[in-house]
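First comes the structure, then the notes that go with it.
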Amino acid sequence: MSWLFPSSKSSRPLQPLTSLQQQKQRQIESLKACHSSIVEIQKDVEYRLPITIKNLTVNINILLPPQFPQEKPHISVFPPIKHHLVDKQGVNVTCPLVNNFTMHSDLGKIIQNLLEEFWKNPPTLAPSSGPFPYLFSSPAGPSVYTHPGYTFLPSFPTQESNRSVPVSEQASSTYNTAKAAAPSYGLITDLPLPVPTCEVGINGFTYKMPDLPETFPELSELSVSQLSEMTEQEDVLLEQFVNLPQLKQVIADKEELVKSIEEMAKRNLQMEPVLEAKRQAILDKYELLMQMKSLFEKKLQRQHELSESCSLSALQARLKVAAHEAEEESDKTAEDFLEGKADIEEFLLRFMEKRTSCHSRRAKEEKLQQAISLHSQYHAPL
């Protein structure tokens, strides 16, 4: 079963990267650094960048050919959009930076320029949307480039009627099956995946599956007739399967894990009152914060009104109005004297008082106007 659980260690020494591979790695590093949302679909072959522009989510797919960067990358979008940098089908990106791509180009900067252009001129959704551009279901579409270092399981053998193969022959043929390179599948979802040797949960918990033996001594001692009879009797086959030490180990690990989860759940329930008290305290503090915010906004509005009322322009307007009022009162006093409504002593006293107040206010207004003019030369206008 070496093909089912490939060893992670290899006895072959690592070969140094060629100049083309080094340039390819630099381009890929630049691509990954241009945006934090870059997703690697197939290592060194296909990458995807989902973006949202004005409630329109677009997936930018970057496909690297085998001779990249000597060959230009294939950049496409899904769903099809209308944009001047995309072809008539709304799928393939045909901007000059992509069409004139060379070994000295920077793939990361090209993607950044493409994103900036999308933000400046937002695309619109095309009337009809087809399949994903990177799921090449059409024979005329570009081929998916295989990656020689990706380990795949051998495909399932075809079932032929009325043909029996000895167990030893099956074992030897399976054991000698070489690891083939990734085939050219039409859909990414059709790619066979390696059998996992461990499972990673939501919280990062890693479980190592027990190693399966290549042969079962209990079965090797049985004859072919006994094996055939066992396959026909489900109870016997199930009993043989249940008695496997690997399955017993998995069941024991499961029970231990369930027990630890129950203990953790009990501890969480014990912490619920403390958490609820802290939650209520946070809610009370938030309510107090909103009250203080409302009070602060009222005081800020009052401060703004007072500041406006005490500004230089407001003071100048008040002085001008007060000077005009004093001048009108002095004129009225003079008219009363001319009509004989007031004697000379009362007239002189009131007239001099109003005139003095009028000239004083006008002098202050002129001084304030000079200060405003001088202030406006060096600062923003009031």
Side-chain angles (χ1 to χ4, degrees), residues 23-147 150 182-193 200 202:
Q23 293 180 2
K24 183 175 183 179
Q25 290 301 322
R26 284 195 293 267
Q27 293 283 356
I28 293 175
E29 291 175 0
S30 174
L31 174 63
K32 292 181 179 179
C34 74
H35 203 282
S36 59
S37 300
I38 290 285
V39 180
E40 184 178 72
I41 304 302
Q42 189 174 356
K43 182 176 176 60
D44 298 343
V45 175
E46 189 172 4
Y47 297 86
R48 189 181 307 162
L49 173 58
I51 58 172
T52 302
I53 304 174
K54 290 188 176 181
N55 298 328
L56 175 60
T57 301
V58 179
N59 289 304
I60 301 177
N61 194 68
I62 302 100
L63 193 65
L64 307 180
Q67 297 301 322
F68 178 81
Q70 290 182 349
E71 298 180 11
K72 63 181 181 181
H74 181 266
I75 303 177
S76 56
V77 295
F78 183 85
I81 59 175
K82 289 184 178 180
H83 199 269
H84 66 276
L85 295 182
V86 184
D87 59 1
K88 295 181 180 179
Q89 289 75 22
V91 174
N92 299 319
V93 177
T94 57
C95 64
L97 293 177
V98 178
N99 295 335
N100 302 326
F101 185 87
T102 62
M103 295 182 62
H104 304 288
S105 302
D106 192 334
L107 183 57
K109 291 184 179 180
I110 292 176
I111 298 300
Q112 287 181 350
N113 293 333
L114 181 62
L115 294 179
E116 292 176 359
E117 189 62 28
F118 280 172
W119 282 111
K120 292 179 182 178
N121 301 309
T124 58
L125 191 63
S128 61
S129 59
F132 280 89
Y134 38 84
L135 303 181
F136 302 115
S137 57
S138 175
S143 60
V144 176
Y145 307 110
T146 59
H147 189 270
Y150 195 84
S184 299
Y185 286 85
L187 298 175
I188 291 181
T189 54
D190 293 339
L191 293 176
L193 299 178
V200 181
I202 299 177

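Just so you know, residue 1 is the first one in the sequence shown, and it goes up from there.
- Distance CD1/I38 to CG/L31: 4.5 Å, rounded to 0.5 Å.
- The NZ atom of K43 lies 7.0 Å from the CD1 atom of I28; values are rounded to the nearest 0.5 Å.
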All N/O donor-acceptor pairs, side-chain side in residues 116-124, below 3.5 Å, sequence neighbours left out:
unit_1	atom_1	unit_2	atom_2	d
E117	OE2	H84	NE2	3.2
E117	OE2	N121	ND2	2.6

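- Residues passing the side chain to side chain contact (heavy atoms under 4.5 Å, CB included) test with S105, sequence neighbours excluded: F101, T102, I110.
- A pairwise comparison of heavy atoms in Y47 and D44 identifies OH-N, 3.1 Å as the closest pair.
- Put simply, the residue from L114, N92, N113, I75 that forms a side-chain contact (heavy atoms from CB on, under 4.5 Å) with L85 is L114.
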Just do the side chain to side chain contact (heavy atoms under 4.5 Å, CB included) check on V77 and V93 with the steps written out, would you?
CA-CA 7 Å; V77 295; V93 177; 4.1 Å; yes

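- Residues passing the side chain to side chain donor-acceptor pair (under 3.5 Å) test with E29: none are found, sequence neighbours excluded.
- For the salt bridge (charged side-chain N to carboxylate O under 4.0 Å, His left out) condition, the pairs that include at least one residue of residues 33-42, sequence neighbours left out, are K32-E40.
- Smallest separation of non-hydrogen atoms from V91 and V86: N-CG1, 3.3 Å.
- For the pair I60/L115, a side-chain contact is recorded, criterion being any heavy-atom separation below 4.5 Å from C-beta on.
- One distance of note links CG of D106 with CD of Q112; it measures 8.0 Å at 0.5 Å rounding.
- The two residues P73 and P65 come nearest to each other via the heavy atoms CA-CD, 4.0 Å.
- Among pairs with a residue in residues 25-45, none fulfils ring-ring contact (aromatic ring centres under 6.0 Å, His included), at least two apart in sequence or across chains.
- Taken from CD1 in I81 to CG in L56, the straight-line distance is 7.0 Å, to the nearest 0.5 Å.
- Closest approach of G108 to C34, counting heavy atoms only: O-CB, 3.5 Å.
- Heavy atoms only, all atoms of each residue included: P66 and K24 are closest at O-NZ, 4.4 Å.
- To the nearest 0.5 Å, atom CG of residue L64 and atom CD of residue Q42 are 10.5 Å apart.
- Side-chain N or O atoms of Q27 include one that pairs as donor or acceptor with a backbone N or O of L107 at under 3.5 Å.
- Residues passing the side chain to side chain contact (heavy atoms under 4.5 Å, CB included) test with T94, sequence neighbours excluded: D87, N99.
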